[in-house]
Number of protein chains: 2
Amino acid sequence: MTDGVLDLQRFFPYRLAVLAEEVSRTVAQLYADRFDMTRQEWRVLAAVAANRQMAAKEIAEYSTLDKMSVSRAVAALEAKALISREEDPADRRNKLLTLTPSGRAMYQKIVPLVRAREDYLLGALSPTERDMLDDILNKLTSRARDLRQRG
Amino acid sequence: MTDGVLDLQRFFPYRLAVLAEEVSRTVAQLYADRFDMTRQEWRVLAAVAANRQMAAKEIAEYSTLDKMSVSRAVAALEAKALISREEDPADRRNKLLTLTPSGRAMYQKIVPLVRAREDYLLGALSPTERDMLDDILNKLTSRARDLRQRG
DNA sequence: TATTGTTATACTCTATAACTATA
DNA sequence: TATAGTTATAGAGTATAACAATA
C-alpha cells in the first residue's frame, strides 16, 4: 500500500468520481431523456423553484455554477418558456427570474422522480450510515474547498 | 421536506456532485497544472503503472473510461513518450502498453502528491468514519449501477 | 461474423476574457 | 471604477457510429 504503486480502485478521489458520475447519470436520465434538459438547466430550474425571484448571481451561488453557465441555461429555459425574466426596478442591472406556470409544472413532475432515485440510493444504507454520510460529506466538502483555495 | 420543493443543498446527488467536482479539481491541480496531463491521460497512466502491459480494452475497464477516451489518451501519452505500444504477438489486434522510463518517472513524482491530498482530505474523518465511508461508497456505487442499467 | 482499436462528427462543458449597461 | 449579465472563442469531454485490421 505504501509502496510506489497506487491502486486506482482504492484511491478515494477516483472512487468518488466514479460514484458521482454514476449517480449523476441516473438522475440525468430523468430530466435529460424525459424532459430534454441539461444539467445546468435543471440546476437553474431547481434554484429558482426553491427560492423564487432570484438574480442570476444568486443562482450561480446557490447552484455552484459560474455566471456564464447560468446565463446560457437561463436563455435556454426562457426559450422553452419555463422561466421568465424581468428587470429589477431597484437595480436595473439585475434580471429577476421566476418560473412560468409551465416551468413550475415541469419542476413538480421532476421532483418526485429524482426524490425516488435519491431514496432508492440511500436505501442501501442504514439510518446510522445515512446520518454519518451527511457529516462526512460536509467535512470532506469543507476540506476540499480549503485545499483548492490554497492550491 | 416532503412538500413539493427540493432543497438543492440537501439533495444527495447534488451534494455528491459538488464534492466530487471539488475533489477532482484539487487532484487535477497536481497532474494538470504541474505535468500538463488531462484527467484521462492521468487515469491511463495510473492504469498502466498499476498493471503493466495492458491492452486498451483492459485499461478501459480498469479506469472506467470508454474505448475512445482510452485511444486518444494513449495517443497523447505516446506523443509525449510516456508510454510505448507494441503488438500482442498472440492477437495482433491488441496493442500492449507499457510505461517508458520517463512515464514511470513522472508517475512516481505524481503519486506522492495525490496521496498527500487524499490523506489530507480523509484526515477530516475519524478512523470509524473512514471505515464506514469505505462501505458506503461500495454500497452506493453498486446501487447506482443497478439503477442506471434498469433505467 | 465478431472483436480490438481508430477515426469522424457533433454536441456539451469549461475557462478566459472582452463587451454592454447600469451603478 | 466596479458590478451584473451577455457574448465570443477555444479547449476538453462525451456519445454515436462508421471504419480497418485481425480473429
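Reminder, nothing fancy here: chain letters follow the sequence lines and each chain counts from 1. None of these values were measured; they are calculated from a predicted model.
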Would you please name every residue forming a ring-ring contact (aromatic ring centres under 6.0 Å, His included) with Y31(A), sequence neighbours left out?
W42(A)
Just to be sure I understand the geometry, which residues of residues 43-58 of chain B put a non-hydrogen atom under 4.0 Å away from DNA chain C?
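A55(B), A56(B), K57(B) - these, ordered by number, are the residues of the stretch whose heavy atoms sit under 4.0 Å from the strand.
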Return the value, rounded to whole Å, for the distance between atom [atom1] of [X] and atom [atom2] of [N].
X	N	atom1	atom2	answer
Y31(B)	dA12(D)	OH	P	13 Å
R148(A)	dT14(C)	CZ	C1'	12 Å
R85(A)	dG5(D)	CZ	C1'	9 Å
L77(B)	dT6(C)	CG	P	12 Å
M37(A)	dC13(C)	CE	P	12 Å
I83(B)	dG5(C)	CD1	P	12 Å
I59(A)	dA4(D)	CD1	C1'	12 Å
K95(A)	dT3(D)	NZ	P	18 Å

Main-chain N/O of L125(A) paired to R130(A) side chain as donor or acceptor, under 3.5 Å:
yes
Between D91(A) and R93(A), is there a donor-acceptor pair closer than 3.5 Å when you use the side chain of the first and the backbone of the second?
yes
Salt bridge (charged side-chain N to carboxylate O under 4.0 Å, His left out) involving E58(B) - partner list, sequence neighbours excluded
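E58(B) satisfies salt bridge (charged side-chain N to carboxylate O under 4.0 Å, His left out) with no other residue.
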Can you name the side chain to side chain contact (heavy atoms under 4.5 Å, CB included) partners of [X], sequence neighbours left out?
X	answer
S24(A)	R39(A)
R25(A)	E21(A), R148(B)
L137(A)	L133(A), F12(B), R15(B), L19(B)
D66(A)	M68(A), S69(A)

Can you give one letter per nucleotide of nucleotides 13-23 of chain D, going 5' to 3': B for a protein heavy atom under 4.0 Å from the base, S for sugar-phosphate only, - for none?
SBBBB---BBS
Ring pair (Phe, Tyr, Trp, His ring centres under 6.0 Å) contacts in which one or both residues fall within residues 80-119 of chain B, not counting sequence neighbours:
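As it turns out, there is no ring pair (Phe, Tyr, Trp, His ring centres under 6.0 Å) pair with a partner in residues 80-119 of chain B once direct neighbours are skipped.
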Under 4.0 Å between a side-chain N or O of S71(A) and OP1 or OP2 of dG5(D)?
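No, S71(A) has no side-chain N/O under 4.0 Å of OP1/OP2 on dG5(D).
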